[in-house]
Number of protein chains: 2
Amino acid sequence: MNTAVPSKAATLHDVAREAGVSLITASRALTNPKLVSDTTILKVQAAAQAIGYIPNLLAGGLKSRRSLMVAALVPAISVAQFLPTVQSLTEALSDAGYQLILGQTGYDHAREEALINTMMSRRPDGIVLTGLVHSATARERLRRAGIPVVETWDLSDRPVDMLVGFSHVKVGSAIAGYFLGKGWRRLGIATGDDHRGALRREGFLAAVGKDVPTAVVPAPSSLEQGRRALAELLAKDSKLQAVYCSSDQLAQGVLAEALARGIRVPEELAVCGFGNADFAAHMQPSLTTVHVDGAAIGRLAAKLVIDRCNGTSIANPIVDVGFRIIERRSTSLSHA
Amino acid sequence: MNTAVPSKAATLHDVAREAGVSLITASRALTNPKLVSDTTILKVQAAAQAIGYIPNLLAGGLKSRRSLMVAALVPAISVAQFLPTVQSLTEALSDAGYQLILGQTGYDHAREEALINTMMSRRPDGIVLTGLVHSATARERLRRAGIPVVETWDLSDRPVDMLVGFSHVKVGSAIAGYFLGKGWRRLGIATGDDHRGALRREGFLAAVGKDVPTAVVPAPSSLEQGRRALAELLAKDSKLQAVYCSSDQLAQGVLAEALARGIRVPEELAVCGFGNADFAAHMQPSLTTVHVDGAAIGRLAAKLVIDRCNGTSIANPIVDVGFRIIERRSTSLSHA
DNA sequence: CTGTTAGCGCATTCAA
DNA sequence: TTGAATGCGCTAACAG
């Protein structure tokens, strides 16, 4: 006799016996109540409650082929930029009964491919990626998985499946246009070495029409590196008038370095960041930056995945959420 | 004939057939190679590669009763304080083949209980919680689940199972002692309304020996609320000398409000935060704060869970990672 | 509305 | 070192 067995978790079988109904009736009463009479539902619910039944979604998913999990890949959880997206994604999915499983690619394309495989072995019902998938084999593997795939935080004509993002090239152009419109001509760029940062730089250069002193720092960029970046830029052009930074963290460092060198912002140097971090509005001076609605990206991505899972038709599989420049003190003209 | 079936994912069965071995041999070749001859391993690996086999961990876990998933509950992903913990937890678990599944309780005890149930339905091999579990039913449910449970970011004599944290009461006392040692007597507290913030306040008051003007703001606390909090504190005591804030975000707001009011920090008002956020060292003035090694908490929690899963004996199920006050300009004495 | 049957894909027994 | 049988807990498909 195995009376010492550490009371294995109650199964649906136990619930059915306790309620005096068949296994499948118990199953339906708990997951699809419309198919069962009210009295039976109550009996089953009472039984489940009484023996502390917790369903095993792994087992259910094996048969139904729906794991109720959605995978999301981010460069790193601690990158503040993607936090609102992950947060709203988690919430929206959770509201629909899905669990998010998060993977960190670490800005490494090789790792991304391996991670996609690892994630696939959990048989998620959908997958959300930050950025576009570049590796051809990974794209192919995702396509063959036959599940909804949402790429985010970027734009493309031919995503793997669906997409929620905006154009980084346009962001770069918009900032350059904004700088030029202010009359600044001696421009500089401080950017992380990630793909999307590179796209923004491209757009910036295209709008300027010529090359511009650039300091490239390893992603994820930080305040520390912003300080170094400004030093590097000033070495290249001591009369710099305006700097675009690929993140608010970098911009924060640029402001710190400017302060340390006695360079007045914005009078002597204008600074624009990217991301509209929560601290941007409260810095001294407050930071001009680019706002992207990261929470909306997460919400929309969740909706796309859920709709596709439910067989709902998708009106538009490519969503551009846009962006906007938020003007603050760090680029306000001194002699306006 | 079902030739139009959307090529269901390859199963181990397919691999076995392709390799000309039995199902179980294929299984062993891929997951427990020591039990199989080298030539067989190569055959099976080649077959798996050829047909693009991705194992189904859900199915494997059903029989083996190991889901290779670990659940983690945090108040909210976007709370910067827990980010290093979540990050290092994810990494350490991932290195050991485990997937983290994250749930957001939203500082809501009722939701925490429901969330624990939801998580349990995925049959995680372990669970990590930020803070202690207070609900008796939740504690009991966790205990009966029979999986490793790690509570974090707090201290207790009798955790549900294991614990990695530090004493918030001691943090509060340490800051109060630090303030008193500087000669400041007119003290104030700006704190979030969460449990751990309340503990720190308790410790603070105990060390001071009397009540102290307190502004309580809803968690998660923000810069905005820090500004309001200082306004509230100054209304209670216009000659305030030093403020302890329950987060660096709050402290940031307090500094901003002080600046707006022309109150010089630290000359007229000393400010201490909590959390050692990355911006703390770079503010103007730089912010004195309390550092807690959040990444270590995540690493240690992961190790406890993994060790317990492997049957390794746990030397000490209660780990105090401590804390330290980092002194910066915001509390440096003017006439020292 | 309820029940019976038959697996989902894999790993744990056992036996050879 | 390999294989055959069995079942993890649940649900889809059909029948009553």
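In what follows, chains carry the letters A, B, and so on, assigned in the order in which the sequence lines appear, proteins first and then strands, with residues in each chain numbered from 1.
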- prompt: Is a donor on one side and an acceptor on the other found under 3.5 Å between the side chain of Ser88(B) and the backbone of Pro84(B)?
  reply: yes

- request: Mark yes or no for whether Thr25(A), through its side chain, and Val21(A), through its backbone, hold a donor-acceptor pair below 3.5 Å.
  value: no

field: Side-chain donor-acceptor pair present, Glu113(B), Thr137(B), cut-off under 3.5 Å
entry: yes

Side-chain touch Thr130(B)/Pro75(B), heavy atoms, less than 4.5 angstrom: yes

query: Arg122(A) CZ to dG9(C) C1': how many Å, rounded?
result: 15 Å

- prompt: Want to settle it: does Asn56(B) or Asp38(A) sit nearer the 5' end of DNA chain C, counting the closest nucleotide to each?
  reply: Asp38(A)

- request: Please figure out whether Thr40(B) or Arg123(B) has its closest DNA chain D nucleotide nearer the 5' end.
  value: Thr40(B)

- prompt: Ser121(A) and Thr118(A): side-chain donor and acceptor closer than 3.5 Å?
  reply: no

- prompt: Does Thr25(A) put a side-chain nitrogen or oxygen below 4.0 Å from OP1 or OP2 of dG3(C)?
  reply: yes

For nucleotides 11-16 of chain C, which of its nitrogen or oxygen atoms have a protein nitrogen or oxygen under 3.5 Å away, and what is each distance?
{"from": "dA11(C)", "atom 1": "OP2", "to": "Ser27(B)", "atom 2": "OG", "distance (Å)": "2.5"}

query: Taking the six-membered ring for Trp, are His134(A) and His195(A) ring centroids under 6.0 Å apart?
result: yes

message: Is a donor from one side chain sitting under 3.5 angstrom from an acceptor on the other, for Gln87(A) and Glu91(A)?
response: yes

task: Indicate, with a heavy-atom threshold strictly under 4.0 Å, whether Leu35(B) touches base, sugar-phosphate, or nothing.
output: base

task: Return yes if some donor-acceptor pair links the side-chain N/O of Thr152(B) with the main-chain N/O of Gly165(B) below 3.5 Å, else return no.
output: no

- request: Name the first nucleotide and the last nucleotide along DNA chain D (5' to 3') that come under 4.0 Å of a heavy atom in chain B.
  value: dT1(D) to dG9(D)

- prompt: Between His13(A) (NE2) and dG3(C) (C1'), how many Å, whole number?
  reply: 15 Å

- prompt: Is there a side-chain contact between Arg111(A) and Ile116(A) (heavy atoms, below 4.5 Å)?
  reply: no

query: If you fit an axis to the five pairs at each end of the helix from dC1(C)-dG16(D) to dA16(C)-dT1(D), how big is the angle between those two axes, to 10 degrees?
result: 30°

query: Is any side-chain heavy atom of Gln99(B) closer than 4.5 Å to a side-chain heavy atom of Ser94(B)?
result: no

- prompt: In whole angstroms, how far is the C1' atom of dC8(C) from the CG atom of Leu68(A)?
  reply: 15 Å

query: Tell me: CG of Leu62(A) to P of dA6(C), nearest whole Å?
result: 18 Å

message: Checking Arg65(A) against Asp125(A) for the salt bridge (charged side-chain N to carboxylate O under 4.0 Å, His left out) test, could you report, in this order, the C-alpha distance in whole Å, the side-chain angles of both residues, the deciding distance, and whether it holds?
response: CA-CA 8 Å; Arg65(A) 301 174 161 290; Asp125(A) 293 337; over 6 Å; no

